[in-house]
A.B. asks: 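Below you will find the structure I want to go over with you.
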Amino acid sequence: MSVDISEILAFLPCETPQSWVDAALMHPEEMLIDHANCEKKAAGTALNLMFRYVDKPDLLTKMSKLAREELRHFEQVMAIMKKRGVAYRHLSSARYANGLRTEARTSEPHKLTDILIIGALIEARSCERFARIAPLLDSELSAFYTSLLKSESRHFKDYLSLAKQYANEDIAPRIDVFKQQEQLLIESEDEVFRFHSGPLAA
Ligand SMILES: [Fe+2]
Ligand SMILES: [Fe+2]
């Protein structure tokens, strides 16, 4: 199954650095555990939006479907971990999502616009990383990560279209703000390896 992710590559401000790919191959357990965390957090974010914005039916429908898919992905990662004897343990969060949220505005309706743009970026980056690393993994993980591309690229589109739909402003300048911040988080040195980390400090 091949999925066209050219729209995602065009949206993202930069490619994942090769040094992150190298680090991922050296930290297979952390990658799986943090991937499980990412899926769980993605479901949680969608549910939070559903509690906060009950007056927006399109958001409720899209986020409900998204949360279900993320929980399904979570179960799939857990099954692979179990098969491989990887124990789920606590891992600190990557700086990535919080680093993006520091740029978010706090009053409505801007708050929602910014959260949705951040959601689009996180989904796009996840998709890019799955595509980038899939060919380098064993056949089971490679097939799993390739199977995620379709849903993650749809999640990217859903977040972006909701941002356009509910914003009362031109969102292009806001997308630029978050893209700049995202590039910084992806390209600057990081302390620990995570699914969304930057290159590891030497
Ligand atoms: Fe997912
Ligand atoms: Fe997703």
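The shown structure was predicted, so the numbers you read here are calculated from the model rather than taken from an experiment. Every number for a ligand or one of its atoms is a count from 1 in the order of the listing.
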A.B. asks: Quick one: list whatever passes ring pair (Phe, Tyr, Trp, His ring centres under 6.0 Å) with Y159, sequence neighbours left out.
C.D. replies: none
A.B. asks: Would you call R125 and E182 a salt bridge, taking side-chain N to carboxylate O under 4.0 Å as the test?
C.D. replies: yes
A.B. asks: For residues 50-58, run the donor-acceptor check on the side chains, cut-off 3.5 Å, and write out each pair with its distance to 0.1 Å, sequence neighbours left out.
C.D. replies:
| unit_1 | atom_1 | unit_2 | atom_2 | d |
| --- | --- | --- | --- | --- |
| Y53 | OH | E108 | OE2 | 2.4 |
| D58 | OD2 | Q165 | NE2 | 2.8 |

A.B. asks: With 2.8 Å as the limit, jot down which protein N, O or S atoms are around the Fe ion (ligand 1).
C.D. replies: E39 OE1, E70 OE1, H73 ND1, E152 OE2
A.B. asks: Please enumerate all residues that pass side chain to side chain donor-acceptor pair (under 3.5 Å) together with S126, with sequence neighbours excluded.
C.D. replies: H196
A.B. asks: Can you tell me how the ring of F74 sits relative to the ring of Y88, calling it parallel under 30°, perpendicular over 60° and tilted otherwise?
C.D. replies: tilted
A.B. asks: Find, among atoms of E123 that are N, O or S, the one nearest to the Fe ion (ligand 2), and state its name.
C.D. replies: OE1
A.B. asks: By the definition side-chain contact (heavy atoms from CB on, under 4.5 Å), identify the one residue from K65, K62, E70 that meets it with H155.
C.D. replies: E70
